[in-house]
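Down below is the structure, laid out as structure tokens.
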Amino acid sequence: MEYRTLRNQNQIPAVGLGTWQVTDRAQMVDVIGSAYEAGYRLIDTAAAYSNEIALAKAIAAHEIPREELILSDKVWNTSRGYEAVQEACKKSLKKLKTEYLDCYLIHWPASMKLYPNWEEMNADTWRGMEALYQAGLVRNIGVCNFKVHHLEALKKTAEVMPLINQVELHPGMPQEELLSYCKAEGIALEASSPLGNGQILTHEVITEIAAAHQVTPAQICLRWALAKDAIVIPKSTNPVRIRANLDVFGFTLSEEEIRRIDAMPYCGGIGIDSDEVEEFG
Ligand code: A2P
């Protein structure tokens, strides 16, 4: 396993497990069992995934010691603001049956289409995140789906800038500008949907490079994102794929292969633009 060292010197595994759409409790027990056995320690969830209770039950079912896990959770859009974000975090802690979160992230910036005061709203939610960090309830604070202008706006008032920014990043969506901004600012980029939600795995650039290395297309996508120093959190409910998605440290991509993948057009993924999205949830 590779680790990423955050700006506060805390370490996060470079590969974690995404749990979006895993809501069935029995399935969660199986998924967490397979992932833990395979060596996953970082588990990504969100209040909006409605699976925090299922995740806690799965962790308990496998008697996984809390200190071995890096639990990452997200506050939903309905809990923006200094007080509301702290309340939401405490509710999530209860659901997850834990005293602290390793990572807590703002799921979406306030939409500038809906809120003329989006900057102020994000700043206020962020003050609540900083309070959680200072109180020790959260070891690392961050955001999701923030673009450069959201981060620049936050900078005006933040005492501690986000340590992590989780965004859609995969072949076809290389996030070059954001990646270099985050590198310069010491913000770790975490790739949600690193497999483009499974839709990019048949693209010929990916399948050709996978054949050349005798690995799977998914492993190529993950290796490519890791080469950019991203943290990746592929989601799978299949034990074979869960194992394979972690087995990405035995090969490297050449500069030429990375350039070929960089040049791929958008060919699948989630595709939600945080400036365009009308509120949801
Ligand atoms: P499944 O859960 O059946 O494995 P992303 O993490 O980019 O959102 O992608 C998740 C999607 O990709 C899910 O539909 C998942 O399906 C699928 N997936 C995950 N790992 C692999 C893999 N190694 N090969 C093919 N599909 C995968």
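All values below were derived from every heavy atom in this structure, side-chain atoms included, with hydrogens, water molecules and symmetry-related copies excluded. Note that ligands are numbered from 1 as they come in the structure, with each ligand's atoms numbered from 1 the same way.
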Quiz item: Would you find more than 12 non-hydrogen atoms of other residues, nucleotides or ligands less than 6.0 Å from E152 atom CD?
Solution: yes
Selected option - heavy-atom contact closest to [atom], from [options]:
atom                    : options                : result
atom 12 (O) of ligand 1 : G268, G198, P217, P234 : G198
atom 15 (C) of ligand 1 : K235, Q199, H170, Q219 : K235
atom 5 (P) of ligand 1  : G269, S236, A191, S193 : S193

Quiz prompt | Nearest neighbour in protein (non-hydrogen) for atom 23 (N) of ligand 1 | solution = N245 OD1, 2.9 Å
Self-check item: Protein residue, atom and distance nearest to atom 21 (C) of ligand 1, heavy-atom basis
Solution: R241 CD, 3.2 Å
Practice problem: Assign the ring pair H107 / W76 to parallel, tilted or perpendicular, where the plane angle (0 to 90°) is split at 30° and 60°. | Solution: perpendicular
Taking non-hydrogen atoms only, is [X] closer than 4.0 angstrom to ligand 1 via side chain, backbone, both or neither?
X    : answer
I270 : neither
T216 : neither
S192 : neither

Self-check item: N/O separation below 3.5 Å, A218 to ligand 1
Solution: no
Practice problem: Say whether N238, considering both its backbone and side-chain N or O atoms, lies within less than 3.5 Å of an N or O atom on ligand 1. | Solution: no
Practice problem: Scan T45, I59, L42 and name whichever one has a side chain to side chain contact (heavy atoms under 4.5 Å, CB included) with L71. | Solution: I59
Quiz item: Do you know which of L195, V215, L246 makes side chain to side chain contact (heavy atoms under 4.5 Å, CB included) with L222?
Solution: L195
Quiz item: Is the charged tip of R66 near the ring of Y100: under 6.0 Å from the six-membered ring centre and within 45° of its axis?
Solution: yes
Quiz item: In terms of atom number and element, which parts of ligand 1 are under 4.0 angstrom from non-hydrogen atoms of N197?
Solution: 5 (P), 7 (O), 8 (O), 9 (O), 11 (C)
Quiz item: Do any heavy atoms of A244 fall under 4.0 Å from ligand 1?
Solution: no
Quiz item: Does G18 have a non-hydrogen atom less than 4.0 Å from ligand 1?
Solution: no
Quiz item: Does a donor on one side chain sit under 3.5 Å from an acceptor on the other, for D44 and W20?
Solution: no
Quiz item: Do the two ring centres, one from H213 and one from F251, sit under 6.0 Å apart?
Solution: yes
Quiz item: Would you call H150 and M112 a side-chain contact if the rule is heavy atoms closer than 4.5 Å?
Solution: yes
